[in-house]
Each structure stands twice: as structure tokens, then as C-alpha cells.
Amino acid sequence: MALLETIGLVKRFGGLTAVDHLDLQVNEGEICGLIGPNGSGKTTVLNVITGIYKNDGGKVIFNGKEIHILTPHEICEHGIARTFQNIRVLGSQTVYDNVRLGLHIQTKSDLFNIIFNTKQVREENERIRKIIEEALDIVGLRKEKNEITKNLPYGKQKVLEIARAIVAKPKLLLLDEPAAGLNTAETENLMEIVRNIRKRGISILLIEHEMAFVGGLTDKVYVINYGKKIAEGTFNEIKKNPSVIQVYLGTKGDE
Amino acid sequence: MGKIFDTIKNNILIVIALLLALIPVIGVPSYQFYIIERGLQNAIIVISLVILLGYTGQLSLGHAGLLATGAYTYGILVVSYNVNPWIAFLIAPIFTALIGALLGIPSFKLTGPFLVVTTIALGEIVRILILNWEKLTGGPYGLTGITSIISNSKLMFYLILIIVYFISVATSRLSVSKIGLAFKAIKEDEVAAEVMGVDVKRYKLLAFTISSFLAGLSGAIFASLTGYLNPDSFTFADSATFLLMTVLGGMSSVPGAILSSLAVTALPEILRFMARSRMVIYSLVLLLIIRYSKQLSSVKISKFFLKKKNKEDLVVGGGE
Amino acid sequence: MSLATLIQLIFQGLNMGLIYALAALGISLIWNASGLFNFSQGDLLTIGGYIMLTFFSFLSLPYPVAFLITIVIMGIAGYLLSKGYFYPMFQQNFNPQIILIGTVALSVFIRNSVLLTWGPNAKTYTNPFGSKPLALFGVNLMPHYFWNIVIVAVLVLALQMFLKGTVIGIAMRAVAQKPVAASLMGVKVGQMISLTFLLSTGLAAISGILIAPIIPLTPEMGGLLAIKAFAAALIGGLGSFGGALVGGIIIGIAEVFFATLVTSTYKDVFIFAVLIAFLMIRPGGIFRADISEKV
């Protein structure tokens, strides 16, 4: 059974259908790509899956549960974490605290324990510290942990967002254009990070324009245009698909 | 020398508390003593705004209404129902917290000026109800004969000081906790907070509830200190003053909040020699402080404390 | 309720409503130009009323002259306020919340200044339009009802023509809609924002002048009036010209009817409750005001 499945997913904005009866499947342990031209509705798909937008039709099933009726924080609790196309880190907080936000649902301290700084809180802080440092190691930000986030370069903020997402222990990680704006070295480093994350048993659905990135990582790729699925398959299969070529090149692929 | 300075910086709350604890010992004229007490009482409501505005980013201009709720709850229980002052002192903040939670509901949907106007409206509703519900509140004539929790004024001072100290420590702990981080995440990016599992509505409600509880507590102390309540003490201008104290203190610094409350409460008294024009000068000073808050922030006290606060974050986070 | 009373109440409500509408219009103009919600609008109204009192009643200048002087003084004050206080804060990228609190501090400052200058007692002056009601078809209507309607109507039309038909007006609207594009096109954004403040304080002054025959002047009067003006701007749709007018009129009429039919003690509570309910159900107001965040 698929880990994530969308069935006939529809999202409209006024008269515009941004996602049009879309069926997707992400299996456990897979890295799936979601590609398509600009404005084809990719980010909208992620926004609907994570509950930021309410869908207008169809279903999102995750781990056997219908999650399209849930709020974003509930969906997070069910095991989906994500990053954003335009990074959404907390700029005025430290790198450490940004990752700590990802641990929100696993932190159990309540108001009473916090106010009296009980043993439970102190032990939990210690436990959390280890998890955060481990995550910072994975993305290579250990050295910057006490820096104020907005002072970091763009590329580091992007991987920080990934660190924040993985400490939430998701079953599925959604990455929205993780390689956009990164240089070649940073992109290669990012591919390594993504592979590492998969090794930890986290499935991934990613949106990306950088084809080398998609080709190098994904097991399966969905291509959408105007919110409709026009092709699916391995990267090598869809690369040859005439309708995909037509969408990307704007002409009929002759070869 | 630097070491001593650092020690003071890291234990600033204790230092402030100890200095204040000396005041009844050295003996201050009773009016000045009262002003310091009022300053500490204001510090509690300003800390309540630190949590709401400084941490969570929700701007309230209705806190005078919450202060009034706490004050009148205490006053009415003690005067009209002969309730033991200590019990009234406990009920007042809890009741205010319930009212304040209502104030939190509009924050689910509204932000910026939309929310601020709602808080002003709720503050005014409280004031108008007090003004017109004469049987219960004394209306425009006020509520007199409110007994204090402690009749001995020195003991009362120490009680307030202990309460302020405890609230300060608790708030500092809250700031670096899971809850504080959720508050700050809401302030900076609600969507990111929600997606990372923060139940934004619940935490906003929590911020309003905690803040209102403290505002109510401040109100109960106010009633206890003055012994007399009048709707004129709880106007929009008062809400505005609390807000200005919060900004002056650096918005998210607890020691800053205490010092600015003491300073701003004393300011009209310090300016007393200017007689009638003092309130104008006072509000002009506030205007200028806001105008130059950015320039001031490179040198001002609040920055000093904010730096220190960041260090605290790290200590709880484990440090290097 | 007789038809005569009904007409009477509508006129009364319309009168208050138009005053709220003018103040709300000032709020909306500044909001559009700079994204700042001016919490001192009510107190600007108050001080306008007092300046009028000084020139008209104390110095015995003719009504139109005093009217004009008041508007000019207030307009200049608004311009300087923007130039010297608010615009520099925009330029230095202040946290918007701090600038907003600046308007709150300004409100407190004005209130204290009025108190110091004119004293705490309520002040009235002779109604320039006469205080003898006109009996029309069995309905008693005050002459200032008509005058206020005429003045506001002329003003609104003039303002519309200015904003739509003059170079400065178009530049001001450009700044409101696309500040970056406008500045690239050579529009001086700071100047336009300051001019918007000028218009806005001028409008506040006119509301302060027109309200004088209806309610006496007190240093704190701006507080309640401001909330009504906020309510008008928000219910109509913040930033909308027509919205401010419609919102103001709705508030004015609703208030008068509630006071007459239910109780005048809680008329303000009623209006605030309506405002809160309205914001919860339709946060954008009647006309537009898109406050949703883009992800």
C-alpha cells in the first residue's frame, strides 16, 4: 500500500483549477519527483497535502488515513513534514532554536513543569539537544548552531529548513524546490543529504526544476501541467515521453 | 571587573530584586514608596504584554480592560460579598484569564490593526459596563473601602516583590521553553509554525490566557494598593501607556519590562515640578523614545538584557 | 414609530455617520498610502474641533474663515507629522508594530496637550447654522443636518476629483497601489505619503468642526469617536473610499436606532459588538480588503 496517495485531488482558486483530479502515489522508502512548468500547480499540491489549503474535491490518504480533513499541525503529527519554496525559517531566532521548533510535537513539557523547571524539563532539554545536534551534523550546520538565522547565507538557510523538518521524525518529507538558488557544489551536497535522509527510512516527495537533481535522486517522477497529470514513470521514461517534451519545449517532440 | 559585570548581567533579576528589597529597610517617604509599589504592580501587566506582544506578536490595546476586570473582581468580592481578601486575590486573576481567553478568539482570524481594534473595543466594553453597572461597581462614583490583602504596608511591598520576582523567573523560563518557542514561531511565521506541528489557535489562546491572568493579578494588586476603584483609571490611554512601557523595555525582555515600568510610573512624579504640563512632557518623551527606538537600541538597556537573554537560551539549549 | 420619527432618526444617524465616515476616510487614505493604521485619528479630530473653537468662538472670526484656517493648520500639522515623524520611521524600516504604537503615543500626546491648553471642561459654541429646528412636513430637523450633508458631499466629490483627476492625486494613488513601481517611475513616495497625511488630518479637522454642534468638545472625546471611525473603516473595508462612507453611515444610523429603540446606555457596546462580530464573519469588510496571507 502506498504511504501517500491522492485520489482525484481538486483545488480551485475562483475560476482557476490549480489541481485537476490528480492521482499521486508515494510508496514507503521512495523518493518521488513532482515536476512541471512554472504555474503548473506543483506547490499547490504540497499546500493541499499539508493542509494549508483545503481541497475542493478528492482525497489525500496518508498511512491509511484520510488527512485532507485535518489541520496542518495535525497532519504534521501524523508524520508529514515539509520545506518551502521561499524558505520559511525563523529569521530572528538561532539556528538551534529553528531546529528545536521541528521537535515541537515530541516535546512534552507543560506549563507547570516549565515554570518550576522540573527534572522532567531539564532531562527533556538534554535529550532534545542531542537530537538537534545530530540533525545539524547531517546538514552540516553544527558550527553555526548559535548564530541568528537571518545572518546565514541562503544555501545554509535552505538546509536548516531540512534539518528542522527531519527532527520532526516524519514518515514523509516534502521538499519544495530544495536546489533552487544553490550552486553546483551546494546542490551535490544537498543530494547527499537527501540520500542520507532516505536511508533513515523517510520517504520523500520533491518538487524541482533542476533536472540533474531529479534524475539523480528519484525512483519515480510525476509530471503535471495545468494541475493535470500528464506523465508518470522513472526519470528516464518520462524524459522520452512526447507529451512531456511538448510541455517543456512548447513544440511537438519529433524524435 | 569584567567578571563582576558579567555576574550582574547573568543574575540581573536577583540584583534588581535585592536592590528593591532594600527600599523598605532604608525607609522611603510614603508617597514615593507607593509609587514604587505601583511601578511593580505595573511591571506585572507589562510582563503580561511581553508574553503577548514580545513573544507572540499579538498587539493588545485592551489591557486596561483586563486590569479593570481583575481590580473590580477583587474589589466587588471583598466589599460587597465579604469574601476573604486572599481568596478574592486568587479568584480575580482566574476570572480575568477567562475573560481574556475570549479576547484571544478574534486572534484566530484577525491580525494587525484588525485585531488591535478588536482589543480596543473589548477594553471599552468592559469600561462602559463598569460605568453603567452601578449596583455592582459604584459606576462613575467608584468603589470604595476595599481592604488590602495585607494591611502592613512593608509586608505588602514584600509580597508584591516576591510575586514580581516569581513571575519574572517563570516568564524567563517560559521564554526558552517549548511554549515560548511556539509563541515566537507564531510571531514570526504562523504558517511555518503550524506546519511544524504548532497548534497556532491553541497557543494564541494560551498566550492571551496567560497574559490576562497576569493582567488580572496586577489589577487585584492595584485594588489592594489604592483601596478605591474608578472607571477613569482604566481607559484607552492606560492601555496605551502599558504598551509604551513594553516597547521601552525592549518588548521581549523581562528585566527591561520591570525597569521601564518603574521608570515610566515614576516619570510623571519626577516631572511633578512642571505641574500641569508634566503629562504633555511625559507623552512627548514617549513619542521621542519610539521615534528613536532604533538608534537607542544600540545603546539602550533593553539591548543589554536581550543579549543576556540570548545567552540564557544557549544555557538551556546546552551551550557549547 | 411614526414616519416623522423615522425620518428624524435617519437624519440624525446620517449626520453622525458622515462624521465617522470622514474620519474613517482619513484612516483608509493613510492605510493605502503607507500600510499604517493611524490610531490617533480620533484625537486629531478632537484637536481640530478645539482649534475651530479658538478661532470661531474666542477670536470671533467668521465661520467660513475659521473653518478654512483650521483645515490649513491641521493639514500642515499632518504634513509635518509625516515628514518629521512617521516617514523617517518607514524609511529606516522600523517594525510596523512600533510605528503603529507611535500613533498610539501620538494619541496620548494630543489628548494631554488639549487638556493642558483648553482645560478639562466640556466646551460648546453657538451653532453657526442656528439652533432652531426647521419643521418640514411635520418633521423637526436641525439646520446643521442639511449643512453637514452638503459639506460632506461637496468634500467627497472634490476629493474624488482630486484623486482621480489631478497629477498629484494620481501619483498618490500610484504610491498606494504599487509603491515600488511608483518610485521607479519617479514619484516621490515620501512626499506623497506626507500629502496623504495632510489630506487625512484635514479630513479629521473637518469632522471635528462638524461634530461641534452635535456633541460638546472634551479632551477625551476622540477616544470613543476613534473606535467608531475604526469600526466604519473596517466594516466598510479598510482602504476603500466608498467603504469608509458606507461604513460610517451604517454605524451612525445603527447607533441612533439602537439608542432610541433599545437603550442609549449601551449603544457603544452594541456598536463594538457589531464590529467584532462583523470582523469575525467578514474580516475584509463590505468592500474588498484582502487580508489573507499568500503562502
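So you know, we letter chains A, B, ... as the sequences are listed, proteins then strands, and number each from 1.
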Find the one option among B/Leu61, B/Val117, B/Leu244, B/Leu129 whose heavy-atom pairs under 4.5 Å with chain C are most numerous. B/Val117
Top residue by heavy-atom pair count (under 4.5 Å) with chain C, among B/Ile120, B/Leu115, B/Ile281?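 Of the candidates given, the most pairs with chain C belong to B/Ile120.
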Is chain B contacted by the side chain of [X], its backbone, both, or neither, given a heavy-atom distance below 4.5 Å?
| X | result |
| --- | --- |
| C/Leu106 | both |
| C/Ile281 | backbone |
| C/Thr117 | neither |

For chain B, which residues from [range] have at least one heavy atom closer than 4.5 Å to it?
| range | answer |
| --- | --- |
| residues 82-90 of chain C | C/Gly84, C/Tyr85, C/Pro88, C/Met89 |
| residues 220-232 of chain C | C/Leu224, C/Ile227, C/Phe230 |
| residues 91-100 of chain C | C/Gln92, C/Asn93, C/Phe94, C/Asn95, C/Gln97, C/Ile98, C/Leu100 |
| residues 263-277 of chain C | C/Thr265, C/Tyr266, C/Asp268, C/Val269, C/Phe272, C/Ala273, C/Leu275, C/Ile276 |

B/Leu286 side chain reached by C/Val108 side chain, heavy atoms, under 4.5 Å: no
Less than 4.5 Å apart, any side-chain heavy atom of C/Ile101 and any of B/Leu59? yes
Value rounded to 0.5 Å, distance of CG in B/Leu243 from CZ in C/Phe39: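 The distance works out to 9.5 Å.
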Apply side chain to side chain contact (heavy atoms under 4.5 Å, CB included) to residues B/Phe114 and C/Leu234 and explain how you reach the verdict. CA-CA 7 Å; B/Phe114 299 89; C/Leu234 295 180; 3.5 Å; yes
Per-residue contact mode, B/Ile105 against chain C (heavy atom under 4.5 angstrom):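 Its backbone and side chain both get close to chain C.
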Does B/Lys201, at its NZ atom, have more than 12 non-hydrogen atoms belonging to other residues, nucleotides or ligands within less than 6.0 Å? no
